[in-house]
Amino acid sequence: MNRRSRFKLLLTALCVGWCFLFLRCETTEKSMVRAVYLARTETGTQVLLWYQAPEASADASEASAVQAAGAEGDTLEKALSAAEEALPQAADYRLCDYLLTTPGGADALLADYEQLVLARKCGRTAARVSCTCLSGEDLLKACEEQDGFADKLLEKLKAHSTEMPRLY
């Protein structure tokens, strides 16, 4: 083996090593969670996730519309896991900037959510918190019936984000 072929082999090995190290063979197709809704109900906890599913497109302006998926469970962890299972791909919370909750029992629910986020690393403690009087059923129904409702909701949250406290 001459010097030139050894150099090519070394260069190829370095390129493959770089790909495995920095790209980590991880898929980028994830459901980007943009906002989370939490509420206590008579039977447990309700969670709604507003997300954007990835679409193959070279143009960022053709990003998918925001959609909602929800679930209810005995505990917050079960409800969140069930809502994540309803998403088309694995949940990714990098862009989750907003957390909505209802007035009743919000302090205990937010404390539970913060502990869950820290334990599972499945959310953002820097999310902005807002309170809503709408129930999860009403929000989910509005998302299903009105085109663009979820997008408009996120726009409103962004417009008033400076007035909202952060979770942590």
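With contacts defined as side-chain heavy-atom distances shorter than 4.5 Å, the pair Tyr37/Thr132 qualifies. Counting heavy atoms from C-beta on, the side chains of Leu157 and Met164 come closer than 4.5 Å. With contacts defined as side-chain heavy-atom distances shorter than 4.5 Å, the pair Met32/Arg94 qualifies. Taking the side chain as every heavy atom from C-beta outward, Thr45 and Leu109 approach each other to under 4.5 Å.
Applying the salt bridge (Lys or Arg N to Asp or Glu O under 4.0 Å) rule to pairs touching residues 127-141 yields nothing, sequence neighbours excluded.
Applying the side chain to side chain contact (heavy atoms under 4.5 Å, CB included) test to Ser31 and every residue at least two apart in sequence or in another chain returns Tyr51, Leu87, Pro88, Gln89. Under the rule for a side chain to side chain contact (heavy atoms under 4.5 Å, CB included), Lys156 has no partner lying at least two apart in sequence or in another chain.
Ser161 places a side-chain N or O within donor-acceptor distance of the main-chain N or O of Lys158, the cut-off being under 3.5 Å. Using modelled atom types, no side-chain atom of Ser130 and backbone atom of Leu100 make a donor-acceptor pair closer than 3.5 Å.
Of all non-hydrogen atoms in Ala86 and Ala69, the two that sit nearest each other are CB-CB, 4.1 Å.
We find that Arg40 and Asp112 are joined by a salt bridge, their nearest charged nitrogen and carboxylate oxygen being less than 4.0 Å apart.
In this structure, a donor-acceptor pair under 3.5 Å is absent between the side chains of Tyr113 and Glu77.
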